[in-house]
Amino acid sequence: MIVVGAAIIADGRLLAAQRAEPPALAGGWEFPGGKVDPGESDEQALVRECREELGVGVVLGDRVGGDWPLVLGGVLRVWTARLEDGEPRALEHRELRWLTAGELHDVPWLPGDRPIVDLLAPYLD
Ligand code: 9L3
Ligand code: MG
């Protein structure tokens with residue numbers, strides 16, 4: 001399973017999203033995104049997921065690292081992103097937070113997402 005996630009950055013802050021489900025992951029924080037569907041590119045899937053989950057259009061930037069293993073199986077692929085239209089809303093998440101560089105570890109990231117967070121500090125200057 002390939003899962004894609006967006007590190008959305010605006011005004012020097014990173015968007016973190018708190019999962020609402022499944023019970024094993026609820027309460028953990030993640031890069032918004034989801035599974036790549038058959039016939040979709042990774043990038044197409046990520047743009048679609050940001051529209052579905054947050055109600056925004058995004059423009060993708062750099063790939064952040066490679067294939068990051070997920071605890072429940074599969075790999076996570078992450079891109080930086082900037083907002084093209086709309087303001088993110090928690091349409092499927094429990095809560096959203098914009099984190100400054102100094103706040104990056106103030107939320108309990110999902111284990112699969114946590115190692116990626118440190119690679120984003122240079123983008124928040
Ligand atoms: N997952 C982990 N970190 C992320 C995302 C977007 C997803 N940043 C995990 C949680 C689920 C699986 O990948 O087990 C599929 O995600 P989704 O389609 O339920 O969002
Ligand atoms: Mg999702």
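Atoms within each ligand, like the ligands themselves, are counted from 1 in listed order.
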Backbone or side chain, does any N or O of R19 fall under 3.5 Å from an N or O of ligand 1?
-> yes
Is there at least one pair of N or O atoms, one from G33 and one from ligand 1, spaced under 3.5 Å apart?
-> yes
N/O/S atom name from E53 that is nearest to the position of the Mg ion (ligand 2) | OE2
N/O/S of E30 less than 2.8 Å from the Mg ion (ligand 2)?
-> no
Are the charged groups of R97 and E95 less than 4.0 angstrom apart, N to O?
-> no
Mind checking whether G34 has an N or O less than 3.5 Å away from an N or O of ligand 1?
-> no
for atom 15 (C) of ligand 1, nearest protein heavy atom and its distance come out as K35 NZ, 3.8 Å
So among W109, W79, W68, which one has a ring pair (Phe, Tyr, Trp, His ring centres under 6.0 Å) with F31?
-> W109
Is there side-chain contact between L120 and D118, with heavy atoms separated by less than 4.5 Å?
-> no
Pair R51 + D85: basic N to acidic O under 4.0 Å = yes
Stepwise salt bridge (charged side-chain N to carboxylate O under 4.0 Å, His left out) test for R89 and E87 = CA-CA 6 Å; R89 288 171 291 146; E87 191 59 33; over 6 Å; no
Please write down residue, atom name and distance for the protein heavy atom closest to atom 4 (C) of ligand 1.
-> E30 OE1, 3.3 Å
Taking it one step at a time, do R63 and V78 satisfy side-chain contact (heavy atoms from CB on, under 4.5 Å)?
-> CA-CA 6 Å; R63 177 98 180 261; V78 172; over 6 Å; no
Could you tell me whether a side-chain N or O of T100 sits under 3.5 Å from a main-chain N or O of R13, the two making a donor and an acceptor?
-> no
Do you see an N/O/S atom of G33, backbone or side chain, under 2.8 Å from the Mg ion (ligand 2)?
-> yes
Before signing off on this row, confirm whether D113 and ligand 1 have an N or O atom pair separated by under 3.5 Å.
-> yes
If hydrogens are left out, which of V3, L25, L110 has an atom nearest to atom 11 (C) of ligand 1, that is, the closest non-hydrogen atom?
-> L25
Please write down residue, atom name and distance for the protein heavy atom closest to atom 9 (C) of ligand 1.
-> L70 CD1, 4.1 Å
Heavy-atom donor-acceptor pair, Q18 side chain to R94 backbone, under 3.5 Å = no
